[in-house]
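Got a structure for you, written out below as structure tokens; questions coming shortly.
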Amino acid sequence: MSRRYDVVVVGAGHAGCEAALAAARLGATVGLVTMSERCVASMPCNPAIGGPGKGHLVREIDAMGGAMGVIADGAALQSRLLNTGKGPAVQALRLLTDKQVYSQSMRQKLRAEPRIEMVAGEAAALVMDRDGDAGGVTLADGRALGARAVVLATGVYLNSSVVSGSSRLRAGPDGARPAQLLPKALEEAGLRLGRFKTGTSPRVDRRSVDYGELRPEPGTSLPLQFGHRFAGSSAPAATAPGEDPVCWATYTNETTHRIIAGNLHRSPLFDGTIDGAGPRHCPSIEDKVHRFPNRDRHPVWLERESMSSDLLYVLGLSTSLPVDVQSAMLRSLPGLSSAEIVRPGYAIEYDYLLSGQLFPTMEVKLLRGLFAAGQICGTSGYEEAAALGLIAGTNAARRALGQEPVVWHRSESYLGVLADDLATRSVSEPYRMMTARAEHRLHLRHSNADLRLASLAAELGMIDRARLAAVSGRQKLLADTKAALMLSRVMRSEDLNRELVALGTTPLRQGVRAWSLLKRPRIGYEHMCAWVGEGMPRLGHDDRQELEAMAKYGGYIRQQENLLSRQGRTAMRPVPAELDYTKVPGLAHRAAAHLGEVRPLTLGQASRVEGVTSADLSVLAGYLREWRRRR
Amino acid sequence: MRERLPPSLGELARDTIVALATPPGTGAIAVVRLSGPHALRIAYQIFRPVSGSPPPHSRSSRRRSMRYGRITDPKCGTMVDQGLLLTMPGPKSFTGEDVAELHCHGGELLVNRVLEICIGLGARPAARGEFTRRAYLNGRIDLTQAEAVASLVRAETEQGLRLAARQLEGGLGQELCGLLRRLSGVAAAVEATIDFPDDESEMPDGEWIRSELAAVKGALELLLATADSGRRMAEGVNIVIVGRPNVGKSSIFNRLLGRRRAIVDEHPGTTRDVVEARLDLGGVPVRLMDTAGLRESDERVERRGMAMTEGAIDTGDLLLLVVEAGPLPGPDDRRALAGVGGALPCLVVVNKTDVEPAPMDADEVRGALGLEPGTPLVAVSALTGAGFTELESDLAGLTGGPALLARDAAVLTTARQERAIRAGVAGLEKARTAYEAAMPAEVWLVGTYLAMDSLAQAIGRRSDEVREQVLEEVFARFCVGK
């Protein structure tokens with residue numbers, strides 16, 4: 001029995017859900033295959049969304065009409081703004097979320113979309129169409145799902161093994177069933193798989209904790225959210241963030257470290273049982289203690305996973321040590337002397353696609369019509385997965401509908417940085433987004449994601465006119481406010497000068513334009529309102545941040561953009577994917593070999609390919625000019 | 001457990017190159033060098049050791065060895081020559097690939113035969129500099145070292161040789177790497193607080209940041225100061241001797257050279273052409289050019305000589321203006337400088353002190369010539385040699401050679417390096433201004449990354465490698481992530 005869809009998405013995790021929703025938004029019919037309808041958009045690790053880099057991605061997903069932002073807002077138990085002591089470009093929102101509410105909301109959203117049909121089953125093989133491109137999947141029970149494009153969003157389920165102490169189980173995260181049929185099929189199709197590992201922390205019963213010994217971590221009272229505020233009301237949290245704390249902080253100590261050090265020989269990391277590469281950015285506690293023996297304590301947080309469960313996630317104690325050691329470790333922490341482990345921490349190994357097999361559109365080079373998103377691409381994190389899901393889903397739908405794929409550029413969005421890094425560079429450990437990866441960091445801000453991406457989203461049909469109008473409205477508000485500040489003068493006065501000196505900046509010798517004051521560090525919009533007087537519009541947090549960033553960063557961004565736009569214009573020049581590099585005269589053999597492997601889509605991507613020097617790039621650029629002229 | 005690595009791009013087809021490594025022509029020994037995946041195979045096909053060949057893929061065929069034997073043409077089995085085979089399997093070879101060298105007797109015909117045989121067995125003629133290029137691409141040497149190889153080959157003076165050798169050792173590359181690492185350290189410390197604010201909430205100490213950035217900038221500026229001299233050391237300096245007819249330019253030329261070279265005659269206008277010679281002046285390779293006297297003249301020969309003189313002045317780096325001791329310089333002397341207009345540095349040589357021993361007032365002479373008061377001036381006698389030690393050391397000082405060699409540290413020798421270091425200094429200046437203006441970290445990091453990119457370019461690395469290095473440091477030095 002077979003069904004036909006425009007797009008089939010394998011896996012209903014964060015990547016799969018965004019992919020399915022994006023494809024449906026573009027008008028494609030979607031078959032969403034999942035091994036368990038329970039586990040839709042589950043969060044097997046930290047119950048949080050956002051942070052520097054990751055939060056930027058969530059804002060951009062939202063700007064493109066995606067779901068993660070809005071759903072996270074609706075499931076928020078607590079919000080925190082990070083890096084408030086630093087500049088506006090690196091400030092980021094992080095929400096502690098209710099895992100169950102998140103999953104339920106996502107499931108509701110999927111069910112509410114008529115073009116998406118959930119299919120319960122396990123994908124076992126790929127189906128090829130007449131041209132040898134991807135044409136669908138067959139399930140383990142024999143059903144065939146035909147499609148014009150397929151998105152693999154299998155997360156950490158491919159041939160997954162859970163390792164805890166000396167036990168190794170063929171299992172997926174949280175005890176789910178692993179996917180063991182698809183990896184063979186992928187290899188038979190010519191795809192190359194590698195092995196990664198990641199880990200998670202134990203969960204304890206919140207009723208077994210002595211809160212008197214812990215320090216509660218409050219969130220911010222600012223009304224912050226990821227999702228756009230324009231499409232109707234922002235759904236209030238199903239469980240409104242109440243007065244009760246949901247997050248506590250504590251530390252490991254000498255005893256904890258001694259327990260760990262004394263049991264290292266029982267750790268699968270150290271006895272060789274695990275051979276997948278793990279991420280440096282998510283070290284296990286045994287790793288931390290081993291590599292930083294001078295530290296006398298490491299921070300640990302306890303977070304509620306859901307208001308409907310008694311589990312506390314122990315952040316900072318990722319481990320695969322045996323359960324008895326985990327118990328001893330935990331009990332050495334203040335407040336946890338009687339803590340009961342409900343679910344032990346474990347390491348999980350899984351198959352992923354080795355680097356070099358994807359275009360920045362997330363399409364598999366070897367097999368047209370096949371796309372990949374999420375941890376199968378070698379990333380780690382819910383946000384990265386959702387971002388890739390958006391990209392892959394968009395391009396899968398466009399292919400199904402006979403349209404050209406979309407490439408996000410790294411100069412315009414973190415989506416672009418993510419896609420470009422995965423497509424161009426060699427990834428040797430699970431990839432996590434960080435602001436340090438973005439050379440255009442000053443421009444790619446939390447507060448201007450919608451401004452940067454709304455027109456692209458509208459052009460593609462991923463947001464509606466009303467939404468676009470709302471963003472244009474915001475843009476106008478900011479422009480008008482800036483204009484007003486440029487026209488207003490702030491007169492010199494003793495009081496004002498005293499205030500300026502107190503803020504650590506130079507006093508005025510004469511009146512100046514208000515805008516020039518806003519450029520100074522430590523001066524904010526609230527000062528503008530105070531000093532300019534009547535008529536300054538009240539701005540929300542994001543608008544204030546954006547306006548301040550425009551003032552303070554403006555000159556620097558212009559400088560950098562001038563430098564980079566010269567490079568950028570060249571960088572965005574497209575390179576035909578079928579170009580035979582061995583036929584380019586004057587191109588070094590090594591460069592030709594590497595370029596032939598990666599098959600970059602733009603000159604910019606070509607410049608980042610290993611083994612390509614600037615001389616090679618000039619040769620290639622010249623050749624393309626000629627080639628274009630002759631066509 | 002299944003462990004897969006991405007396919008090594010070295011597994012893809014790559015050429016084996018061959019070239020004559022010694023200068024062409026007839027010599028006692030010629031060295032033909034092969035590099036690439038088939039180097040050893042080809043070598044053992046063309047060369048039969050006296051003690052018998054090892055089997056092709058055996059361990060001994062991959063050992064470093066030097067053996068004596070016969071170079072043969074495998075097609076017909078005839079012996080071409082007797083000689084040595086040196087095998088150096090990669091990756092610890094010059095290029096990082098398998099390298100084989102055939103040492104045979106020198107002689108054009110013989111060498112061409114050997115090359116032909118190698119090509120017939122699958123090698124391709126190497127492009128100019130291709131071995132060095134492969135060494136660089138395989139990470140055996142950095143870009144500054146690759147440039148040093150060229151300098152080494154071109155060196156004309158002992159000191160130039162020493163400088164190039166030092167650079168080949170990696171002196172410049174190491175210094176730049178060290179500075180890059182310092183900047184990386186600052187960036188990493190800051191990025192840790194930006195991307196992992198829960199783990200590293202403290203920004204690094206402001207004083208430390210300021211002093212690190214300043215220290216690197218200072219080191220780069222010191223390097224920049226060596227750029228001109230370094231380039232001159234590597235590329236050489238043109239010194240042009242000018243002056244009115246018969247002041248003794250040619251005699252001075254010859255004495256500097258140490259042997260008779262130009263024609264010296266009593267009558268004005270005897271030296272017809274620009275005569276030039278190369279000499280070593282304080283370690284700097286100098287092209288010394290002797291010119292015809294700049295003077296209005298009727299003779300066509302004279303005129304041609306003067307045209308060549310003006311051409312020489314165009315390419316000159318330093319002017320040696322010769323005047324006679326005795327009466328103050330006059331309009332004819334000044335005309336010698338007319339074509340130049342003060343664009344070139346100048347050293348005044350007052351010649352014939354044997355005839356006019358009375359010392360002249362240096363300031364009066366300069367004034368009469370219309371030169372700046374500080375212009376260097378030396379009194380000599382080309383006839384007796386008096387004053388030449390001072391002249392030579394003054395000249396060497398002006399070219400900057402000795403100061404350069406006295407400096408034990410790295411030196412910039414190419415325009416490419418200078419551009420990169422200049423960009424580095426500009427980046428750090430940007431970073432400093434932003435930092436002093438209390439701009440947030442991600443803003444002054446922009447200038448810092450600019451500087452790092454420039455330094456990386458100087459060594460031949462790329463910007464994304466710079467960022468990777470910073471991230472590496474973040475994870476290595478800071479306990480971040482959970």
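Reminder, nothing fancy here: chain letters follow the sequence lines and each chain counts from 1. All values below come from the heavy atoms of this structure, side chains included, with hydrogens, waters and symmetry mates left out.
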Sort B:Ala441 into side chain, backbone, both or neither according to what part of it lies under 4.5 angstrom from a heavy atom of chain A.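 Answer is neither: B:Ala441 stays 4.5 Å or more from chain A.
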Pick from A:Thr505, A:Thr582, A:Val90: which one has the most heavy-atom pairs with chain B under 4.5 Å? A:Val90
A:Ala591 versus chain B, the contacting section by heavy-atom distance below 4.5 Å: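 It is neither, since no heavy atom gets under 4.5 Å.
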Please identify, among B:Glu465, B:Gln457, B:Glu130, B:Lys430, the residue contributing the most non-hydrogen atom pairs under 4.5 Å to chain A. B:Lys430
Using only heavy-atom distances, determine whether the side chains of B:Thr95 and B:Ser35 contain a donor-acceptor pair under 3.5 Å. yes
Report the option among A:Val300, A:Val609, A:Asp287 that has the most heavy-atom pairs separated by less than 4.5 Å from atoms of chain B. A:Val609
Is it true that B:Asp195 and A:Arg437 have a side-chain N and a carboxylate O under 4.0 angstrom from each other?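 No, this pair does not count.
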List in chain and number order the residues that pass side-chain contact (heavy atoms from CB on, under 4.5 Å) with B:Ala187, two or more places apart in sequence or in another chain; answer none if no residue qualifies. B:Leu445, B:Tyr449, B:Met452, B:Val470
B:Phe478: what forms a ring-ring contact (aromatic ring centres under 6.0 Å, His included) with it, not counting sequence neighbours?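 Listed in chain order: nothing, the list is empty.
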Based on non-hydrogen pairs under 4.5 Å, which of B:Asp199, B:Thr193, B:Val480 is most in contact with chain A? B:Thr193
Measure A:Arg280 against the heavy atoms of chain B and call it side chain, backbone, both or neither at under 4.5 Å. both
Based on non-hydrogen pairs under 4.5 Å, which of B:Leu471, B:Val474, B:Asp198 is most in contact with chain A? B:Asp198
Kindly compute the distance separating CG (A:Leu315) from CD (A:Glu303), expressed to the nearest 0.5 Å. 5.0 Å
Which region of B:Glu191, side chain (C-beta onward) or backbone (N, CA, C, O), has a non-hydrogen atom less than 4.5 Å from a non-hydrogen atom of chain A, or is it both or neither?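 Looking at B:Glu191, just its side chain touches chain A.
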Heavy-atom pairs under 4.5 Å with chain B are the metric here; pick the option from A:Pro88, A:Pro521, A:Gly596 that has the most. A:Pro521
Between A:Lys184 and A:Glu187, does any side-chain N to carboxylate O distance fall below 4.0 Å?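 Looking at A:Glu187 together with A:Lys184, the answer is no, because their closest N to O distance does not fall below 4.0 Å.
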Using 0.5 Å steps for rounding, measure from the CZ atom of B:Arg134 to the CD1 atom of B:Ile17.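 Result: 4.0 Å between the selected atoms.
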Under a 4.5 Å cutoff for heavy-atom pairs, which residue among A:Met433, A:Arg432, A:Lys552 has the most contacts with chain B?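 Most heavy-atom pairs within the cutoff with chain B belong to A:Arg432.
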Most heavy-atom pairs under 4.5 Å with chain A, out of B:Pro197, B:Gly481, B:Cys479, belong to B:Cys479
Residues B:Arg477 and B:Glu473 bridged, charged N to O under 4.0 Å: yes
Supply the atom-to-atom distance B:Leu172 CG to B:Thr144 OG1, rounded to the nearest 0.5 angstrom.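 Here the rounded value is 4.5 Å.
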Could you tell me which portion of A:Arg520 (side chain, backbone, both or neither) has an atom closer than 4.5 angstrom to a non-hydrogen atom of chain B?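 For A:Arg520, there is no contact with chain B at all, as no heavy atom is under 4.5 Å.
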